[in-house]
Amino acid sequence: MSNDWSHKAHPDTLVLFDVDGTLTPARKIVSKEVLDTLARLKSKVVVGFVGGSDLPKQFEQLGENALEMFDFCFSENGLTAYRLGKQLASQSFINYLGEDKYKRLANFILRYIADLDLPVKRGTFIEFRNGMINVSPIGRNCSHPERDAFEAYDKVHGVRAAMVAALRREFADLDLTYSIGGQISFDVFPTGWDKTYCLRHVRPEGFKTIHFFGDKTHQGGNDYEIFTHPDVVGHAVKSPDDTLRILAELFQV
């Protein structure tokens, strides 16, 4: 066990959080109540977040001082990682896949979305990230009301699920994972690069207990793999308020 955690009441316990729907409402800013609870929790245990978004988006939601607020910060499922504010080794989606295979994938996605008949389309249908791509049938540039409307439409029509099924059929040779998360999109990344990837960074720490809080814990959701991992105690939540309730029960914060 690292001496870096010796000042905490339970230095052998790590608590990890998803961001969207767990610490914040989807793509919105964290509340003062959550921040105050996290500050109290951090005095007791080691605290981290793990999300599929890149770090700038996580800063927008959690604050520019997120690297100081959390002991571990995992962007893009841990492919970009920080420990006590210092960056750890990272991985690259494009280096793994190669340019030719990526172009084939991107071209298929754009053609598929072009043929979709949705109530609304905006822009940024593929967001290229360090460790994955994020695909949005409506486009990530949509407004919050449009985001809410698409989520409701998708629950009825299964737009994202159908698109994922088509990609699985077309690219069975690439060993990719498709993970639906948030309201409007899904992530595409090499198999094994889901949120369990972040556990590679914490394994050397020797934590006795690792808790994870997430809202997309169903099979196919982007929290499922880490929620069900044998080394993790998973907690399924429906909102930040749900997260606060369980933290109060477990850690009296």
Side-chain angles (χ1 to χ4, degrees), residues 2 4-5 14-24 26-30 38 42 46-99 101-102 105-106 124 126-136 140 175-182 184-205 207 210-216 221-227 229 231-232:
S2 170
D4 291 330
W5 320 125
L14 170 64
V15 181
L16 292 171
F17 299 93
D18 166 55
V19 180
D20 264 2
T22 302
L23 292 179
T24 76
R27 290 300 305 138
K28 294 183 180 176
I29 296 171
V30 67
L38 290 173
K42 192 180 175 187
V46 182
V47 176
F49 68 79
V50 51
S53 295
D54 57 24
L55 197 59
K57 286 189 178 65
Q58 291 169 335
F59 282 161
E60 288 174 11
Q61 293 179 263
L62 298 173
E64 292 293 329
N65 64 335
L67 295 183
E68 290 77 51
M69 286 166 41
F70 294 86
D71 300 305
F72 286 98
C73 302
F74 298 121
S75 301
E76 302 183 50
N77 295 346
L79 296 166
T80 299
Y82 289 81
R83 180 188 186 275
L84 294 174
K86 294 181 180 178
Q87 189 166 6
L88 305 175
S90 64
Q91 275 280 14
S92 165
F93 178 73
I94 195 67
N95 286 345
Y96 171 88
L97 199 60
E99 195 64 50
K101 290 177 181 176
Y102 174 69
L105 175 65
T124 311
I126 300 176
E127 184 174 81
F128 185 84
R129 299 175 181 172
N130 179 59
M132 67 181 73
I133 59 171
N134 178 265
V135 179
S136 176
R140 294 195 62 87
D175 195 25
L176 296 173
T177 292
Y178 306 88
S179 184
I180 296 173
I184 61 167
S185 65
F186 59 90
D187 296 327
V188 184
F189 47 83
T191 298
W193 289 20
D194 51 59
K195 285 182 180 174
T196 61
Y197 191 94
C198 76
L199 300 177
R200 305 182 192 194
H201 296 295
V202 302
R203 202 162 282 126
E205 305 282 343
F207 293 115
I210 300 175
H211 294 269
F212 171 76
F213 289 72
D215 68 317
K216 294 290 190 297
N222 64 355
D223 296 324
Y224 175 77
E225 289 83 4
I226 190 168
F227 176 76
H229 193 280
D231 295 341
V232 172

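Two rings, from His201 and Phe74, have their centers less than 6.0 Å apart.
Annotation: side chain of Asp231 is not in contact with side chain of Phe207 (no heavy-atom distance under 4.5 Å). Here the side chains of Lys216 and Ile180 are not in contact, with every heavy-atom distance at 4.5 Å or above. Here the side chains of Val19 and Leu62 are in contact, with some heavy-atom distance below 4.5 Å. Annotation: side chain of Tyr178 is not in contact with side chain of Val135 (no heavy-atom distance under 4.5 Å). The side-chain heavy atoms of Asp4 and Asp71, taken from C-beta on, include no pair separated by under 4.5 Å.
Contact detail for Gly131 and Pro190: the closest heavy-atom pair is O-CD, 4.2 Å. When all heavy atoms of Ala66 and Cys73 are compared, the pair lying nearest together is O-SG, 3.6 Å. Minimum heavy-atom separation, Ser136 to Thr124: CB-O, 4.3 Å.
Met132 CE to Ile94 CD1: the interatomic distance, rounded to the nearest 0.5 Å, is 14.0 Å. Separating the CZ atom in Phe72 from the CZ atom in Arg83 is a distance of 5.0 Å, to the nearest 0.5 Å. We find the OH-CG distance between Tyr96 and Leu79 to be 12.0 Å, quoted to the nearest 0.5 Å. The distance from atom CZ of Arg200 to atom CH2 of Trp193, rounded to the nearest 0.5 Å, is 8.0 Å. In this structure, CG on Asp194 lies 10.5 Å from CG on Asp187, to the nearest 0.5 angstrom. In this structure, the separation between CZ on Phe212 and OG1 on Thr22 is 6.0 Å, given to the nearest 0.5 Å.
Heavy-atom neighbours of Lys101 NZ from other residues, nucleotides or ligands within 6.0 Å: at or below the threshold of 12. Ile29 CD1: 12 or fewer foreign heavy atoms inside a 6.0 Å radius.
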### Task
For Glu205 and Leu14, run side chain to side chain contact (heavy atoms under 4.5 Å, CB included): C-alpha distance rounded to whole Å, both residues' side-chain angles, the deciding distance at 0.1 Å, then the answer.
CA-CA 10 Å; Glu205 305 282 343; Leu14 170 64; over 6 Å; no
### Task
Report the C-alpha distance between Leu67 and Phe59 in whole Å, list the side-chain angles of each, state the deciding distance to 0.1 Å, and finish with yes or no for side chain to side chain contact (heavy atoms under 4.5 Å, CB included).
CA-CA 9 Å; Leu67 295 183; Phe59 282 161; 4.0 Å; yes
### Task
Show the numbers, then the answer: is there a side chain to side chain contact (heavy atoms under 4.5 Å, CB included) between Val202 and Leu16?
CA-CA 11 Å; Val202 302; Leu16 292 171; 5.5 Å; no
### Task
Step by step, work out the side chain to side chain contact (heavy atoms under 4.5 Å, CB included) result for Leu84 and Trp5.
CA-CA 10 Å; Leu84 294 174; Trp5 320 125; 3.7 Å; yes
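When Asp223, Leu23, Ile226 are each tested for a side chain to side chain contact (heavy atoms under 4.5 Å, CB included) with Asp18, only one passes: Asp223. Of the residues Glu76, Lys57, Glu127, Arg140, the one that meets the side chain to side chain donor-acceptor pair (under 3.5 Å) test with Asn134 is Arg140.
In terms of modelled atom types and a separation under 3.5 Å, the side chain of Asn77 and the main chain of Thr196 share no donor-acceptor contact. Judged by distance alone, with hydrogens and angles left aside, the side-chain atoms of Asp175 form no donor-acceptor pair with the main-chain N or O of Thr191 at under 3.5 Å. Under the 3.5 Å distance criterion, the side-chain polar atoms of Arg27 are left unmatched by any main-chain donor or acceptor of Gly182.
Using a 30° and 60° split on the angle between ring planes, Phe93 and Phe128 fall in the perpendicular class, above 60°.
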